[in-house]
> 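A single structure is presented below for examination.
Predicted, not measured: the structure shown is a model, and the values here were computed from it.
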Number of protein chains: 2
Amino acid sequence: MAAAQTETLHSRILAELTRKIVDGSWPPGHQLPKETELATQYGVSRMTMNKVLTQLAQEGYVVRRKRTGTVVAQPRAQSAVLAINNIQDEVAALSRRYHWRLLSAETRPRSAQDQRQLDLDAEEGTCDTLFLQGLHYSNDDPFCLESRAINLGVVPDAAGMDFDCDVPGSWLLQTMPWTNARHHVRAVNVAGRDATLLQLPVGAACLEILRKTQIEGEWVTYVRLLYPGEAHQLVAEFEGRPGG
Amino acid sequence: MAAAQTETLHSRILAELTRKIVDGSWPPGHQLPKETELATQYGVSRMTMNKVLTQLAQEGYVVRRKRTGTVVAQPRAQSAVLAINNIQDEVAALSRRYHWRLLSAETRPRSAQDQRQLDLDAEEGTCDTLFLQGLHYSNDDPFCLESRAINLGVVPDAAGMDFDCDVPGSWLLQTMPWTNARHHVRAVNVAGRDATLLQLPVGAACLEILRKTQIEGEWVTYVRLLYPGEAHQLVAEFEGRPGG
DNA sequence: TAGTGGTCTAGACCACTCC
DNA sequence: GAGTGGTCTAGACCACTAG
């Protein structure tokens, strides 16, 4: 975070304790003084110190246990978080022109190919489903091929939408309240129609992102995003700490 | 999270308010009652309600402003987080046998190839550097090719280590206190020596993860991890909300 | 200038866990 | 049984900001 504001009491203390852990003054396993002691040392109330220690714990720097007190956590797995943003923002971030072209839209029963390509869950096959395919462009170059299934049982309005104009992802985001999603990311060799659409030679490496979106237990949409591998990468900053 | 314990006051209230937002009872833009009112409604002190609202805010569900009060946030970018774990844990999670084989280890000036392959920062070239390469195996199949540079100025002990036995990543993790890292993930077509080592045909799609690790502003290590694309994928759960 | 969230305190009770 | 963190309260002052 920005170290600009060392304003509040607990943020100042938090920064101080974090520093001791990060620079090794308090190595992993080190036992911290108890809440009341720390509160006295820093001249604050126990609630304030509790706020600091609670935050330190939920950031993974320390482990707190009743009776035994607070100790500096062991750095564990090299786990990190990668941000997956929406495509329009990605293109905009590169200061390039963005546009979307709808290739196909049809309401039909799912095929075996849909099932395979979008990694659809088998038991969720009964609803009316809208299948879409389209291309995201960056400066008139294909940037991402999107294949999507939308559950019309959950989002009936999608049936009447003109996805020539509205980008399905953005529209769904505006339409639906809050959602949960599961992502899979892997590398694939592009082939066939996908290669043609992305203007890539057969066999070129692409980054494939599969996303299943749910709301309140019902599936909303499955998406497959295919990015030319050389042209795209996910970037992540990561603060080293356990869990995540 | 697990909905098991609806024990504490604020966790119960937090769950209740979150539900109202997620199921659409409180749509984006909806104005919440003020802290004191909510506290009265739920029969708790203002501090307790503040704790709830603060957490709701830092989870991105609401936006709080002085004078104007608290409103439900607009769902923004489809951003998500992807976990990158360490390789040993990944293999273990698949209930497979793991082992590591060191291919090469040498202390030498960086070459143009190192620079390119590991995406080394130009200005960080003066220190003594240890270069390693090795393979992670899952059930005796190549699972990941690791190429690494270690800054001996920061980790002098690495020079005397026997990385035939110790996996460099794990050892560094145990040795160093807390670190920060930057990741890049992309898809590449494997070629040359990399293909041979991973026992893949030339051109096979691979997931490439580049990681730069820092501690207190100094670079510690650069790693390039190359996974056979078909055999590996990153998975992420994601709670829909702005920022992240 | 008035109303909101942001913060802090001093004290209290409880649950859990190790001895 | 004793000590720790986990939680909650009632009241207070401050900073920011819209009107």
> Could you check how far NZ of B/K51 sits from P of C/dT7, rounded to whole Å?
14 Å
> Could you tell me how far apart A/K66 (NZ) and C/dT17 (P) are, to the nearest whole angstrom?
7 Å
> If you round to the nearest 0.5 Å, how far is OG1 of B/T18 from OH of B/Y61?
6.0 Å
> Check this one for me: any side-chain N or O of A/T68 less than 4.0 Å away from OP1 or OP2 of C/dT17?
no
> Using atom CG of B/L56 as one end and atom P of C/dG5 as the other, report the distance to the nearest whole Å.
13 Å
> Does any residue of residues 31-47 of chain A have a heavy atom under 4.0 Å from DNA chain D, and if so, which ones, in number order?
A/K34, A/E35, A/R46, A/M47
> Hey, is B/D141 close enough to B/R96 for a salt bridge, meaning N to O under 4.0 Å?
no
> With a cut-off of 3.5 Å and sequence neighbours excluded, list every side-chain donor-acceptor pair involving residues 19-27 of chain A.
unit_1, atom_1, unit_2, atom_2, d
A/D23, OD1, A/S25, N, 2.9
A/D23, OD1, A/S25, OG, 2.7
A/D23, OD2, A/S25, OG, 3.4

> Base, sugar-phosphate or nothing for A/T54? Non-hydrogen atoms, less than 4.0 Å.
nothing
> What stems involve DNA chain D, if each pair must be Watson-Crick or G-U and both of its distances must be under 3.5 Å, with 3 or more such pairs in a row?
C:1-18 with D:1-18
> B/T70 side chain: which of C/dG5, C/dC16, D/dC8 is closest?
C/dG5
> Do the side-chain N or O atoms of B/R64 get closer than 4.0 angstrom to the phosphate oxygens (OP1, OP2) of C/dG6?
yes
> Between atom CG of A/L207 and atom CZ of B/R186, what is the distance when rounded to the nearest 0.5 Å?
11.0 Å
> For A/R101, enumerate each residue passing the side chain to side chain contact (heavy atoms under 4.5 Å, CB included) test, keeping only those at least two apart in sequence or located in another chain.
A/L103, A/L135, A/Y137
> Expressed in angstrom and rounded to an integer, what is the separation of A/Q55 atom CD from D/dT7 atom C1'?
17 Å
> Grab the CG-C1' distance between A/L9 and D/dA15 for me, whole Å please.
15 Å
> Measuring from the side chain of B/R67 (C-beta onward, heavy atoms only), which nucleotide among D/dT4, D/dG19, C/dC18 has the closest atom?
D/dG19
> Let me spell it out: for each of B/N50 and B/G69, pick the nucleotide of DNA chain C with the closest heavy atom. Which residue's pick is nearer the 5' end?
B/G69
> Can you list the residues that meet the side chain to side chain donor-acceptor pair (under 3.5 Å) rule with A/S45, with sequence neighbours excluded?
A/T48
> Is the shortest side-chain heavy-atom distance between B/V155 and B/T221 below 4.5 Å?
no
> How many whole angstroms separate atom CE of B/M49 from atom C1' of D/dG11?
18 Å
> In Å, rounded to the nearest 0.5 Å, how long is the span from CG of A/N151 to CD of A/E218?
6.5 Å
> For residues 28-51 of chain B, which residue pairs qualify under salt bridge (Lys or Arg N to Asp or Glu O under 4.0 Å), counting only residues two or more places apart or in two chains?
B/E35-B/R46, B/E35-B/R64
> Strictly below 4.0 Å: does B/T48 bring a side-chain N or O up to OP1 or OP2 of D/dT9?
yes
> Roughly how many Å is it from CG in B/L53 to C1' in C/dT7, rounded to a whole number?
15 Å
> For B/Q58 and C/dG6, what is the distance between atoms CD and C1' respectively, to the nearest whole Å?
13 Å
> Compare every heavy atom of A/A149 with every heavy atom of A/L120, then report the nearest pair and how far apart it is.
CD2-CB, 4.4 Å
